[in-house]
Amino acid sequence: MDAAGAADRRRRWVADRVLLTLWIAGAAAAPLLPFAGLARNRLVSAAPVELAAALLPWQAWTAAGLAALLLVAAVASPLPRRLAEGLVLAAAGGLLVLLLAAVGDYAGRAVSPEAPAARVALGSAFWVLLFCCTLALINAFQRLRAGLAPQVLFALAMTAAVAALFALGHFDALSIMREYANRSDAFGSELLTHLRLVGSALLPALALGLPLGLWAWRRPAVRTGLFGLLNVFQTIPSIALFALLVAPLSALGDAVPALKALGVKGIGAAPAVIALVIYALLPVVRNTYAGFAGVPPAAIEAARGMGMTPRQVLWRVELPLALPVILSGLRIVTVQAIGLTVVAALIGAGGLGTFIFQGLGQYAIDLVLLGAIPTIVLAVAADFLLQILVALSRPKGAR
Amino acid sequence: MIELHGLTKLYDDARVVDDVSLTVDQGEFCVLIGPSGCGKSTTLKMINRLVPLTSGRILLHGEDVAALPAEQLRRRIGYAIQSIGLFPHWTVAQNIAVVPTLLKWPKARIADRVEELLALLRLDADGFRDKYPHELSGGQAQRVGVARALAADPDVMLMDEPFGALDPITREVLQAELARVHHETGKTIVFVTHDMDEALKLATRIAVMNEGRLVQYDRPIELLFSPADDFVRDFLGKADLGLKLLTRRWVHQYVAPAPWADRRASMGSLRDIVATHGHVWLVDGDGRPEGLFGARLWRAEGDPLGELSRIHPDWLATPEMTMKEALSRMVWRRVLALPVVDADGRLSGEVTMAGVMGRQPEGAAA
């Protein structure tokens with residue numbers, strides 16, 4: 001009848017455009033791209049395996065059923081909104097677990113006693129579907145405006161399901177797990193090194209960044225210079241900064257043997273940690289500054305006017321009100337540091353990057369993934385945990 | 001008692017406050033007033049040393065305020081500001097308890113005090129105690145702000161345009177509340193505003209400031225009748241001086257006996273009363289005014305018994321109402337008289353337009 005009417009009709013026909021887009025992407029990828037790759041051994045290149053060939057009949061039917069549910073929720077949903085989003089959560093979550101289980105099962109069937117050296121790699125259709133399911137889940141939570149608690153519960157349930165698949169050995173036959181099996185000792189130690197590098201970069205970054213941010217807030221004259229300097233550091237590419245630190249640190253280590261005994265040398269952990277601290281500093285300082293700058297001036301005036309000492313004003317009023325923003329800064333630098341630490345492997349600092357660069361050298365994609373996937377999982381987990389922390393730190397009274 | 005002696009504040013050679021001396025007696029409501037930038041807020045903040053003074057002395061109960069550590073001094077003085085400054089991460093109860101907590105009162109005493117103050121500021125304790133500031137309206141938030149300033153029972157309160165950000169209706173209500181709180185508690189209050197009506201309504205003494213100097217320090221009525229110079233006269237506002245005067249007059253000063261009759265009275269007896277007084281109030285069995293014959297502004301001619309006016313709640317005047325408000329209601333409702341009712345709503349007298357014009361009330365120099 002008119003534009004408004006047409007828009008109304010369209011809105012009714014497409015309940016969730018994001019979900020529909022994801023569904024189309026997934027549905028297109030599933031038949032067109034390889035779901036897995038099968039090679040006779042580690043050295044030859046893999047032959048693509050289609051989704052239909054990889055799934056058992058019951059798995060294929062279940063997957064199709066779940067996909068149909070998602071399509072219903074995306075298009076003309078006759079369901080109430082909350083029920084529809086709940087359906088999406090169940091269907092997309094189920095599909096995710098099903099895909100993981102199915103690809104593991106397929107690998108188990110492909111690597112038979114007749115072909116013990118066969119390798120099953122994850123194919124691009126698998127990744128696309130995984131990606132679409134994850135985004136559909138995030139989208140559903142956003143549309144629900146769900147609080148933190150249901151998201152945490154859902155994340156725990158998904159983690160438990162995936163952990164159960166691991167524990168049951170569902171993934172053992174996948175080539176990435178066989179790379180892991182070959183290097184499980186190295187994996188454990190590199191993972192620890194990675195975490196240690198991140199931790200030893202974050203602690204000094206906080207210890208320096210929090211006072212610097214407070215200083216920048218208290219002294220406007222300091223702010224411009226400090227932010228300018230930190231901005232310059234931030235623009236240096238990470239690999240260049242790592243390299244730049246090698247020469248001065250090796251010179252320093254040679255000049256002062258005591259420092260060398262402590263591990264200060266041109267390559268290894270010392271330049272890596274220093275570079276990571278430098279990168280982490282700007283977000284910490286800037287968010288600390290922004291947190292304090294966001295405290296209502298009236299609250300500070302009232303606090304002083306009623307007889308709080310400067311220390312009481314800081315601890316009782318300013319810090320609690322600035323904390324959520326400061327923790328958001330910590331969240332940014334933690335995720336950033338987990339990613340940057342990968343590059344630190346290039347200057348001999350170790351960490352999960354070791355596998356990535358080894359894999360790149362040998363053109364062994366599974367080895368690259370052995371480094372990359374845990375890095376991503378670490379970053380996502382840290383992001384999620386710190387998000388919870390930010391939400392908990394937000395005072396009930398300040399929405 | 002607060003004494004300011006030769007108070008001066010320089011900011012980069014600009015004399016923001018210039019040699020101000022005045023004494024606020026115990027229990028006074030002293031309003032500092034003047035245009036923006038006249039130094040009134042700076043003067044206020046020098047009293048609790050939020051702003052350090054350049055020269056001069058401030059005595060609180062005869063004791064130099066510089067002798068105490070600033071924080072201890074401030075805990076003895078209530079402080080409320082325009083932007084209120086409630087702590088958004090604390091509940092109403094926690095906000096009110098700030099100073100008692102700083103003074104390390106026992107928990108039970110703090111809780112009792114919070115209840116007491118919520119009651120004093122007419123906030124329902126169970127409904128408000130655990131609310132957060134963002135859940136309050138502007139008026140409720142400033143009630144909490146005033147309660148917080150009163151928390152440790154200071155005998156001096158400093159208030160820096162506390163009602164400046166409120167809408168006119170809420171502001172009037174809170175002004176009345178503050179006047180009541182001042183009356184009930186007998187606190188010494190120093191109050192900054194740039195609104196002359198607010199000053200006239202609340203003050204027992206008004207200090208007019210201009211360009212850092214104290215121009216006049218007087219009782220409100222004296223200020224109205226004998227402004228010290230042209231600046232004060234201009235600041236009072238020439239056009240509505242008469243109305244301003246009425247903000248210092250109260251209905252109880254003008255109340256006169258009201259001609260009344262029971263609503264079941266015969267037409268004949270009503271006619272007799274109207275013949276003498278021009279109008280008559282009809283009251284119900286409990287003595288509450290219900291209707292009026294005559295005395296409508298636009299029916300001054302013709303038979304006054306021709307139309308009975310049902311009394312609108314807006315007509316009612318109370319003895320504590322200012323005459324400005326009573327007059328405003330007469331003009332708005334177009335009546336020549338308002339019934340004055342007591343606390344139970346019973347007719348106790350009337351104020352009339354003729355009465356406002358007719359005489360200076362007794363005890364006017366209040």
Side-chain angles (χ1 to χ4, degrees), chain A residues 145 147-149 210 213-214 217-221 287-330 386-399, chain B residues 41 44-45 47-51 68-103 130-136 141-142 144-146 148-152 154 157-162 164-165:
Chain A
R145 294 178 204 285
L148 205 56
L210 294 178
L214 184 58
W217 160 236
R218 294 269 199 257
R219 300 253 181 287
N287 276 61
T288 306
Y289 167 78
F292 280 108
V295 176
I300 298 173
E301 194 202 331
R304 282 186 357 106
M306 285 185 304
M308 286 195 194
T309 62
R311 186 185 296 258
Q312 286 168 332
V313 175
L314 176 64
W315 286 99
R316 299 188 187 190
V317 179
E318 291 183 294
L319 207 54
L321 291 175
L323 198 59
V325 184
I326 296 177
L327 286 178
S328 305
L330 177 63
L386 281 161
Q387 219 175 320
I388 295 174
L389 207 59
V390 170
L392 290 180
S393 75
R394 193 162 290 140
K396 263 184 268 168
R399 284 197 284 202
Chain B
S41 271
L44 185 86
K45 287 178 187 172
I47 298 176
N48 67 359
R49 290 175 55 195
L50 279 177
V51 172
L68 278 173
E71 285 83 24
Q72 272 189 37
L73 172 77
R74 291 176 195 150
R75 289 171 198 176
R76 285 175 43 185
I77 299 178
Y79 188 56
I81 53 179
Q82 173 173 350
S83 32
I84 310 176
L86 294 184
F87 302 126
H89 55 311
W90 288 352
T91 62
V92 164
Q94 288 170 314
N95 265 287
I96 294 177
V98 170
V99 182
T101 308
L102 290 175
L103 293 171
D130 298 323
K131 278 201 169 158
Y132 282 92
H134 73 83
E135 299 169 292
L136 306 177
Q142 193 52 285
V144 175
V146 173
R148 185 173 68 171
L150 284 164
M157 300 243 290
L158 305 180
M159 311 186 87
D160 191 357
E161 300 207 36

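We name chains A, B, ... by the order of the sequence lines, and we start the count at 1 in each one. None of the values given here were measured: they were computed from a predicted structure.
For B:Lys45, the part lying near chain A is the side chain, with the backbone staying farther off; criterion is any non-hydrogen pair under 4.5 Å. Contacts between B:Ile84 and chain A at a heavy-atom distance below 4.5 Å involve the backbone alone (N, CA, C, O). With a threshold of 4.5 angstrom between heavy atoms, B:Leu50 approaches chain A through its backbone and through its side chain.
Atom CE of residue A:Met306 and atom CG of residue B:Asn95 lie 7.5 Å apart, to the nearest 0.5 angstrom. From B:Glu71, atom CD reaches atom CE of A:Met308 across 11.0 Å, with rounding to the nearest 0.5 Å. With values rounded to the nearest 0.5 angstrom, B:Arg74 atom CZ is found 10.0 Å from A:Thr309 atom OG1.
Heavy-atom minimum distance, B:Arg75 versus A:Gly307: NE-O, 2.7 Å. When all heavy atoms are compared, the tightest approach of A:Ala302 to B:Gly85 is CB-O, 3.5 Å.
A heavy-atom distance below 4.5 Å is found between the side chains of B:Trp90 and A:Arg316.
Considering only heavy-atom pairs separated by less than 4.5 Å from chain A, the leading option among B:Asn48, B:Thr91, B:Leu102 is B:Leu102.
The only option from A:Leu321, A:Val295, A:Val317 that meets the side chain to side chain contact (heavy atoms under 4.5 Å, CB included) definition with B:Pro88 turns out to be A:Leu321.
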